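Report on the following structure.
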Amino acid sequence: MLIKSIELKNFRQFKGKQKIIFSTNKNDNITVIKGENGAGKTTLLEAFLWCLYGELNLPNKEKILTEDIGNELKPNDTEDVFVEVNLIHHNKEYIMRRLHSFMKLNNGDLDRVSKIEKVLLKNPDGTLTENIDKEEIYNILPDELSTYFFFDGERIENLSKANREGKKDISNAVKNILGLDILLDAEKHLKKIIKEFEDEYSEDNQEEMKQLKNDLEDLRSKKDNFKQLIETKTEEKEILNFKIEELNEKIKKNSSAQKDQQLREKYEDQIYNNKEDILSLKKDIEKNNKNSFPEFLANKLIDLCSDKINLSDIETKGILGIDGSAIDTIIKRGECICGQKVVEGNKNYKNLVEQKEFQPPASLGTIILQFNSQTSEVKKTGEDFFEDFKGKYISIEKKRDSIENLNKEINNISDRLKSAEDVKSLEVKRETKKDELQKIQNEIIQYTSELNIIESTIDSKESELDKLALNNNKNNKIAIRKAYTAELRKKIKKYYEKKENQIRQDLNKQVGKIFKQLIETNHQIKINDDYTFEVVDIDGNTSTSQGQNVITSFAFIGGLINLAKDKLDDIEVTEPYPLVMDAPFSKLSNAHRENVIKLLPEIAEQFILFTVDSQFDGEVEKTVQPKIGQQYNLKMHMDNKKYTEIIGG
Amino acid sequence: MSDLDIDQNTLEKLITKIIKLEKKFANKRGMLEREKRSEIKKLIEQEVEVNAD
């Protein structure tokens, strides 16, 4: 099926009659419809589904008629809304039209007065054949399949989520698109037919048969109950698994917060220690002040004196410990302490008089020298005091700087932690969920074992019943038919399992191949047995990048379409289908957008893209320009009458 | 039912025909489940009848 055109009249914001013709050419199979948010892209996508299936998945779904048109109607005036989709299927052209007529009531309300759904076949000469069975449209595109060709951005994103919703969507897609549901239906029908044959057995007063049939009825009812229980518990298990997975993600995300918390505690300890050190250093300084501060001051004075006096000069000529009066005494005695005669005018006398000039009181130098010698201890204490004070002061300043830096770091950490959740409480929650999961798993094991016992009892009772039936001519034929039906059911079940397994493997290959074309890193995609996806890096670690997850959705969509194209002999349905996507690029980087836009039109025979300018203009548009067959803009009119105009084509 | 001889050719023929019928049913949205079962049952009765004869 390819979509040739869509025509709308007064459908939501599309006022009056407006038409879009889609490209159906093989070489330029892309139709781009650009419009800003609110212009009506999603409404257009929904218009297809409304026309084909009568379903509208939009808010205020009862408001189909353009608001302005409805407001302008006078009481008893009527107006039509229609959507007409022109399709090509197996080289035949079909027109599907859904029309609703509305009348304005006296109270101002709008009343739907009629609705028409029509499928017309366009003949080669242009004439139309009416009265085509409307079921024909379901044959062309069954509504359960349509969901795999019409995608909105949110659903594209959801497909890749490893949650129940995504998994179910994928598993249903495999069953629907690839025709496995036909086998499931057959199995279900055969199961009921077996029971119907059994009910046809004539009991002919055989108490044993009667009893067996009653037993079987009870057992089957028990079996159904256990199956239901197991199904419910399995669903609960899946929900719990998903919740645990969510908690794991949160814990992983917040584990950096845990490290931050530890780091903050470490920094706080360091600040405390620094403050204690500063206090202790200050106390030391105070103590030192008391003990050595006078020496420090004295030292300064001594230094001052030393600077002013040329001590080296004094040091060489004066004799320490002797003053001028001692020399006078020697002169007066006329004899030196060494025994030499001192007579006025002789050499000794002259030397003594000369020396007297360098001795106190005639010279202060020697006094100073004496003072200097005597104060050296004071000076050393003063110098030690200064060095000690200087060292401690530098330490205090360093510790103050460190406290300031640590406080800055703590503030940064606190900002980061504001948005984080408490890892410990998350871990407690996870443990609780794990306990619940364990309990459910145990219950499933127990119920499955009970179910197995019941099933084997049913088998043996059925066998007993059939043996009894075979002994009776009347029941013989029924027993043979029943046996064939049971065998058919078994074979179809096996066939289904084989096909599903084969499809899963093929899908894995196809999706993997497309994923490689879309992604630029060394990541690989892996489809698990339950149809959940995983993107793993070269070391086998699961990736959590949102962009990569969305890419997996595109890979899946492409893989599924590719797979549907390959005929699967007896159960397959193959016909080209369009791929219609609304805002698919919002979660993708520019490079990924280019890859996706290059690939999807090659996979699908027709690609219809609804997008906002900002996600398409530029490199993305340049990449696919040669493949664009039709292009439209949705122009919003925002004056007093709000509506959207389709421009282009 | 181990003492009952089931003809594999008949089974294969039936599987093909049942799948064909199910495909037809998939396109008939208005058809009741009961009607679908009845058609399959009729088919089994006919084919097994031939085999039994």
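The structure displayed is predicted, hence computed values, not measured ones. Chain identifiers are assigned alphabetically (A, B, ...) following the order of the sequence lines, protein sequences preceding nucleic acid strands; residue numbering begins at 1 within each chain.
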- Message: Can you confirm whether the side chains of A:Asp215 and A:Gln211 place a donor and an acceptor under 3.5 Å from each other?
- Response: yes
- Item | Interchain contact, B:Gln8 with chain A, by part (heavy-atom threshold 4.5 Å) | side chain
- Query: Can you say whether A:Ile478 sits under 4.5 Å from chain B via the side chain, the backbone, both, or neither, judging by heavy atoms?
  - Reply: neither
- Task: Could you go through the salt bridge (charged side-chain N to carboxylate O under 4.0 Å, His left out) check for A:Arg481 and B:Glu47 one step at a time?
- Result: CA-CA 9 Å; A:Arg481 287 168 184 162; B:Glu47 292 295 326; over 6 Å; no
- Query: Does B:Asp7 reach the side chain of A:Tyr484, with side-chain heavy atoms less than 4.5 Å apart?
  - Reply: yes
- Task: Name the orientation class of the two ring planes belonging to B:Phe25 and A:His189 (parallel below 30°, tilted from 30 to 60°, perpendicular beyond 60°).
- Result: perpendicular
- Check each atom of B:Lys41 against the heavy atoms of chain A and say whether the ones under 4.5 Å are side chain, backbone, both or neither. both
- Message: Less than 4.5 Å to any heavy atom of chain A: does that hold for the side chain of B:Ile18, its backbone, both, or neither?
- Response: side chain
- Of all heavy-atom pairs between A:Tyr53 and A:Arg98, which one has the smallest distance, and what is that distance? C-NH2, 3.5 Å
- Message: Between B:Leu21, B:Ile44, B:Thr16, who has the most heavy-atom pairs with chain A when the cutoff is under 4.5 Å?
- Response: B:Ile44
